[in-house]
K.L.:
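Structure provided below as structure tokens; questions to follow.
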Amino acid sequence: MLEKTFDPAAAEPRLYKAWEASGAFSPSGADKTFSMVIPPPNVTGSLHIGHALNNTLQDVLARFHRMKGEAVLWLPGTDHAGIATQMVVERQLAAAGNISRRDLGREDFVARVWEWKAQSGGTIVRQLRRLGSSCDWSRERFTLDEGLSVAVRKVFVQLYKEGLIYRDKRLVNWDPHFQTAISDLEVEQREVDGHYWHFAYPLTDGSGEIVIATTRPETMLGDTAVAVHPDDERYKHLIGKTVTLPIMGREIPIIADDYADPEKGSGAVKITPAHDFNDFQVGKRHNLPVINIMDAFGKINEEGGPYAGSDRFASRKQIVERAENEGWLRSIEKTRHVVPHGDRSGVVVEPWLTDQWYVDAATLAQPAIKAVEDGRTVFEPRNWEKTYFEWLRNIEPWCISRQLWWGHRIPAWWDEDGNVYVEETQSAAVAASGGKALTQDEDVLDTWFSSALWPFSTMGWPEETEDLKRFYPSHTLVTGFDIIFFWVARMMMMGLHFMDDVPFRRVFINALVRDATGAKMSKSKGNVMDPLELVDRYGADALRFTLTAMSGQGRDIKLQEQRIEGYRNFGTKLWNAARFSQMNHCTRVDGFDPGAARETINRWIRGEAVRAAAEVTRALDACAFDDAANTLYRFIWNVYCDWYLELAKPVFNGDDEAAKAETRAMTAWTLDLILKLLHPVSPFITEELWEKLAETGPTRKGLLISEAWPDLPAGWTDPAADAEIGWLIALVTEVRSVRAEMNIPPAAKLPLTLSNAGDDTRARLTRHRNLILTLARLESATEGEAPAGSAPFVIGEATGALPIAGYIDLAAERARLSKEVANLTAEIARTSGKLANPDFVARAPEEVVEENREKLAEAEAAKSRLEAALKRIEAVS
RNA sequence: GGGCGGCUAGCUCAGCUGGUUAGAGCACCUCGUUUACACCGAGGGGGUCGGGGGUUCGAAUCCCUCGCCGCCCA
């Protein structure tokens, strides 16, 4: 006998081990494959609710397709996550005695990171297992694995030789905290309160001054021009003159350029080509000198005159003070403006002129755009394709070099004269140089560079492996919209370039779990929720079911703990249904054919099962995860438990042995079906019940995880049974409703009479009398005229009546009937209004018109019956 | 400034290829310990579907417009 509730804590680890040991996680069997690569979580990470959602959905798909008999590969792994990981270890060093990575040196530092990875890197993978993820762990990869590193070097070298990777000196987003370049995508534009400081620059010829406005006063140290709009009447006469830059004393020109916005600030703008993307362009157009005034730490360098060596923000303050003291500060204006911040460091990013490695993304983007236009890769929901196109069609060169130590070191070697040799190995580079002494480029690659290769590098590329042949392209990628640019688009570019095919046929974009303020959750912000606590409290199935049910396409999820509790209760409900079936000896019967069932309730539940199975299958095929979950919930709770098992009880307690045997077999069969259909979403409780229910009856062939997905004949639905049970449910519900509203004690058993019953109704009443008596708590149910002093209700063409003389509460009964009559009156008004409209009758489809006629007739009949009863009551009172 | 999404019951959401009395879960109210389950059962209250206009016989659903809220990109 089953316990009263499922104990997830005890069962989950045991079941997971059994699955893994069974080999079910590795692809096997069929020619038809289904493959997915996991979005590799950061190796530093621990499972947050976003991972839980993403991996639950992947696992639902993996288990579903596995049960459908496909060879499923769900390839797991982790990402070395350059900045994030380096940050964690640097923080650790700082805590352990204020050592910086530079104190330690590159080699020792990298060794420390590996050490850390060995110790703590397995956390997230263990957590994925707790969730039930059925990944093929035998194929687990890490982006810094030797094999993946080979792939990275090969890709880099090939792209370089094709001219698609190149070195360039231009402004980059420089993160002064990590002292590295970052890509545009890693920059977060934050709107902040700031100021426009209006400075007066004196004309060199002494004829006056020009006032410029700036939000970053310290950059004036690097000014090489002042720009005004060519049509700006205020300044036209000054174009071509020069000003003397305060503090620096440098003579710089006043130039005309459209970039100067007459509406903004004073209309005249200082130009600092080395420290502003727009100014850089202006500088190019006018051949202005580019003066770099900052170092890698964001401190003013020797080009900054008196401020050399001081921090950028300290300098800002001092320069403003000096301007005020010296009288060239004209005014201060408050403003809100957008300031770039590093998404990891959170510090203000500086545009900085450096040499970096770039990928020619615009070229690689073209096939990636085409592949989605052609439908070779489809986004689900389709709408995200717009986002994808928007970005790829306006793509900028991708800066891939990072001045970090943790990552793939760039396979480029330099000779003493500054010539570069890009090869996969040092020896090849030396050979290419003609035997010179070379030193390797110090930089590492952007983490996303190796992630971009993930769909094929994990399958063994550049080797021509069996896995690549069988599983590339993958079938579906499940990921969040926040990394469509970072990851999805770049995988498309690299996959098409190196594999000559898309990396995945379908991209399912899952919702993003946000925090209470609507902000994206991230480790660096520290606003993550802990799914493992929820698993501890409610079990993995409850969390999984919740996330699946809430995963409406492309929306945000605001998780309420109450919801998880509710779905835990759902599991308990199922558990107790199994317990009930066990108590009533509903043992599975070998060779039982539901198609041959004779009892109406069994033919009915069979049809319900067919519909539920079809809907769950459709939903999972379409990634409509919430539909699948809701269908399961309703079928299991509201159909199977609320009605089928209740209808089965009188059979079990009756003496029709044939009916009893058939119903027991059907109960067990349906329960098995439920376990299969629910397994992808709630694998633990279903596997546990699968095992427990095998204690009696025929032996199981194996674990539920490897069971075949149900494929039921559509012909198993039975409209006659549906109509009959539908009537039965309506009758029972009506009786219960009357009883409750009339405050009839639950223990009181009443006789029911049905008048004006047609042949079908009479037959049903006879056939199901037993059920009706039990479920509606009646003494008898017979055909006949309503006795005096009874409460009427409408059931189809018939009128039911419960004699309530002993309990009658006239006021309650009048209220009940009045409400019913009012509802019917409203409906009659609505429907007859429609039918009175000649346009409606003429233009609406015939079946809609007919439907309304029937509805009207039924409502009128029902109303007149109830009104008569109401009049009788009013006559009495 | 451009793009995307949202605004439906107290809360979280579904419904949006036009025709149902607009649904679910939670919360709330009443009753109930009937031998699967109180992590339960039965019954009930609660919404002019953000505002306005339009198309249509008919609009939560299609179109326009306005208003908030959120996100992404400049």
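The sequence lines fix the lettering, A, B, ..., with proteins before strands; numbering per chain opens at 1. Below, each value reflects all heavy atoms present in this structure, side chains not excepted, and no hydrogens, waters or symmetry copies.
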K.L.:
Can you tell which of B:G41, B:G5, B:A36 lies closest to the side chain of A:Glu646?
P.N.:
B:A36

K.L.:
At 4.0 Å (heavy atoms only), tell me whether A:Asn837 reaches a base, stays on the sugar-phosphate, or touches nothing.
P.N.:
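Here A:Asn837 touches the backbone only, sparing every base.
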
K.L.:
Between B:U20 and A:Lys834, is there an OP1 or OP2 to side-chain N/O distance shorter than 4.0 Å?
P.N.:
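Answer yes for this pair, as a side-chain N or O of A:Lys834 is under 4.0 Å from OP1 or OP2.
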
K.L.:
Indicate, with a heavy-atom threshold strictly under 4.0 Å, whether A:Gln189 touches base, sugar-phosphate, or nothing.
P.N.:
nothing

K.L.:
Reading RNA chain B from 5' onward, which residue's closest nucleotide shows up sooner: A:Tyr567 or A:Val338?
P.N.:
A:Tyr567

K.L.:
Choose from B:A36, B:G25, B:U12 the nucleotide whose nearest atom is closest to any side-chain atom of A:Met550.
P.N.:
B:U12

K.L.:
May I ask you to establish whether A:Arg588 and A:Trp669 are in a cation-pi arrangement, using a distance under 6.0 Å from NZ or CZ to the six-membered ring centre and at most 45° from the ring axis?
P.N.:
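So A:Arg588 doesn't make the cation-pi contact.
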
K.L.:
Measure from the side chain of A:Arg736, starting at C-beta and using heavy atoms only, and say which of B:G25, B:G43, B:C31 lies closest.
P.N.:
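The listed nucleotide nearest to A:Arg736's side chain is B:G43.
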
K.L.:
Pick the closest RNA chain B nucleotide for A:Glu565 and for A:Cys641 by heavy atoms, then say which residue is nearer the 5' end.
P.N.:
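First, find each residue's nearest nucleotide; the 5'-ward one identifies A:Cys641.
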
K.L.:
Pairing of RNA chain B as dot-bracket, 5' to 3': ( ) intra-strand, [ ] crossing, | other strand, . unpaired, with Watson-Crick or G-U pairs under 3.5 Å?
P.N.:
((((((((.[[[[.)...(...]]]].(((((.......))))).....[[[[[..)....]]]]]))))))).

K.L.:
For the side chain of A:Arg830, starting at C-beta, report the closest nucleotide among B:U21, B:U12, B:C31.
P.N.:
B:U21

K.L.:
Looking across every strand, which nucleic acid part, if any, lies under 4.0 Å from A:Asn383 by heavy atom: base, sugar-phosphate, or nothing?
P.N.:
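Sugar-phosphate contact only - A:Asn383 comes under 4.0 Å of backbone atoms but never of a base.
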
K.L.:
Would you indicate what A:Lys855 reaches in the nucleic acid, counting non-hydrogen atoms under 4.0 angstrom: base, sugar-phosphate, or nothing?
P.N.:
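Sugar-phosphate, no base atom in range.
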
K.L.:
Indicate, with a heavy-atom threshold strictly under 4.0 Å, whether A:Arg568 touches base, sugar-phosphate, or nothing.
P.N.:
base

K.L.:
Touch check for A:Glu390, heavy atoms < 4.0 angstrom, all strands: base, sugar-phosphate only, or nothing?
P.N.:
nothing

K.L.:
If you look at every strand shown and take non-hydrogen atoms under 4.0 Å, does A:Glu820 touch a base, only sugar-phosphate, or nothing?
P.N.:
nothing

K.L.:
Under 4.0 Å, heavy atom to any atom of RNA chain B: which of residues 570-577 of chain A qualify?
P.N.:
A:Thr572, A:Lys573, A:Asn576, A:Ala577

K.L.:
What does A:Thr387 touch in the nucleic acid at a heavy-atom separation under 4.0 angstrom: a base, only the sugar-phosphate, or nothing?
P.N.:
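No contact.
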
K.L.:
For a quick check of understanding: with a heavy-atom distance under 4.0 Å over all strands, which category does A:Arg777 fall into, base, sugar-phosphate or nothing?
P.N.:
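Touches a base.
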
K.L.:
Contact class for A:Pro838 (heavy atom, under 4.0 Å): base, sugar-phosphate, or nothing?
P.N.:
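The answer is nothing, as A:Pro838 stays clear of every strand by at least 4.0 Å.
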
K.L.:
Do the two ring centres, one from A:Phe625 and one from A:Phe508, sit under 6.0 Å apart?
P.N.:
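Yes - the distance between ring centres of A:Phe625 and A:Phe508 falls below the 6.0 Å cut-off.
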
K.L.:
Regarding A:Asp642, tell me which of base, sugar-phosphate or nothing describes its non-hydrogen contacts under 4.0 Å with the strands shown.
P.N.:
sugar-phosphate

K.L.:
In whole angstrom, what separates A:Asn394's CG from B:C73's C1'?
P.N.:
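Rounded to whole Å, this separation is 9 Å.
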
K.L.:
Taking any heavy-atom pair under 4.0 Å as a contact, classify A:Thr774: base, sugar-phosphate, or nothing.
P.N.:
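Contact class for A:Thr774: none.
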
K.L.:
Which nucleotide, B:G43, B:A38, B:C39, lies nearest any side-chain atom of A:Lys4?
P.N.:
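Within the option list, the nearest is B:A38.
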
